[in-house]
Amino acid sequence: DGGITQSPKYLFRKEGQNVTLSCEQNLNHDAMYWYRQDPGQGLRLIYYSQIVNDFQKGDIAEGYSVSREKKESFPLTVTSAQKNPTAFYLCASREDRGGVQPQHFGDGTRLSIL
Amino acid sequence: QKEVEQNSGPLSVPEGAIASLNCTYSDRGSQSFFWYRQYSGKSPELIMFIYSNGDKEDGRFTAQLNKASQYVSLLIRDSQPSDSATYLCAFTSSGSARQLTFGSGTQLTVLP
């Protein structure tokens, strides 16, 4: 089945540790996105990528890094510089062929501090 | 002023009633508007989108857009307990049609 796969579902980070969240899609979508959601809040954009080997910062990029080496993969690293990483992280992708193309989401990763 | 405001919840309606969810936005250049449903602990799923003024219907759902008033709404007819969720509105910005700005969501509870 086509879709967006995020792993792991739950992740725990120790202080000073970098952790990487995986996002893979087999929808052949060009654009991919990372959002952060805090309890009772909407989604805030961390990074997005419209094409392989290119990505742009969103509204809250500090403390995060990404790479886009393959069209189907867009991993997010939460670095030790992100002092409040506890949140629900959502990856989305979108076909970028013009017109109204909605974003579709993976199942998310819940990150907590140990 | 927030870029997008959703009507404060939580909102409770009896089963079979019409639920009305509202969203206002500040960016007059916004072009496309999306409604997502998010069950507790789950990721958002797309319900529908609208980009022209007026109404768009899809089953029990109707999206309404009024660009002059910068207002978009979602009506759910014959509400069911399974509709109980948080509803997020989102819109593309005038700066980039590829990015979405999300509201904080309205929690809807449909009472049996």
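From a predicted model like this one, the values you see are computed outputs, not experimental measurements. All chains are named by letter (A, B, ...) in the order of the sequence lines, taking the proteins before the strands, and each is independently numbered beginning at 1.
Between chain B and the options A:L90, A:D59, A:V100, the largest number of non-hydrogen pairs under 4.5 Å is found for A:V100. Of the listed residues (B:A90, B:P44, B:G103), the greatest number of heavy-atom pairs within a distance under 4.5 Å of chain A belongs to B:P44.
Residue contact with chain A, scored on non-hydrogen atoms closer than 4.5 Å, involves the side chain of B:Q38 exclusively. Heavy atoms closer than 4.5 Å to chain B are found nowhere in A:Q6, neither backbone nor side chain. The part of A:R110 that comes within reach of chain B is its side chain, from C-beta onward, which places non-hydrogen atoms under 4.5 angstrom from that chain.
Within 6.0 Å of atom CG in A:D107, 12 or fewer heavy atoms from other residues, nucleotides or ligands are found, so the atom counts as exposed in its surroundings. Counting heavy atoms of neighbouring residues, nucleotides and ligands inside a 6.0 Å radius, atom CD of A:Q17 exceeds 12 of them. In B:I18, the CD1 atom is not crowded: 12 or fewer heavy atoms of neighbouring residues, nucleotides or ligands sit closer than 6.0 Å. No more than 12 heavy atoms of other residues, nucleotides or ligands shown are found within 6.0 angstrom of CD1 on A:I51. Atom CZ of B:F61 has more than 12 heavy atoms from other residues, nucleotides or ligands within 6.0 Å.
At a threshold of 4.5 Å between non-hydrogen side-chain atoms, the residues A:Q103 and B:Y36 count as touching.
Separating the CD atom in A:Q37 from the OG atom in B:S104 is a distance of 10.0 Å, to the nearest 0.5 Å. If you take CD on B:Q99 and CZ on A:R94, they are separated by 10.5 Å, rounding to the nearest 0.5 Å. Distance OG/B:S43 to NE2/A:H104: 11.5 Å, rounded to 0.5 Å. Rounding to the nearest 0.5 Å gives a distance of 9.5 Å between CG of B:L100 and CG of A:L43.
Both A:F74 and A:L76 are members of a single hydrophobic cluster when ILVMFWY side chains are connected at heavy-atom separations under 4.5 Å. Cluster annotation: A:F55 and A:L45 are assigned to distinct hydrophobic clusters (Ile/Leu/Val/Met/Phe/Trp/Tyr, side-chain heavy-atom contacts under 4.5 Å, transitive). Under the 4.5 Å side-chain contact rule for hydrophobic residues, A:Y48 and A:M32 do not share a cluster.
A:F88 and B:K42 make their closest contact through CE2-O, 3.5 Å (heavy atoms, listed as atom of the first residue, atom of the second, distance).
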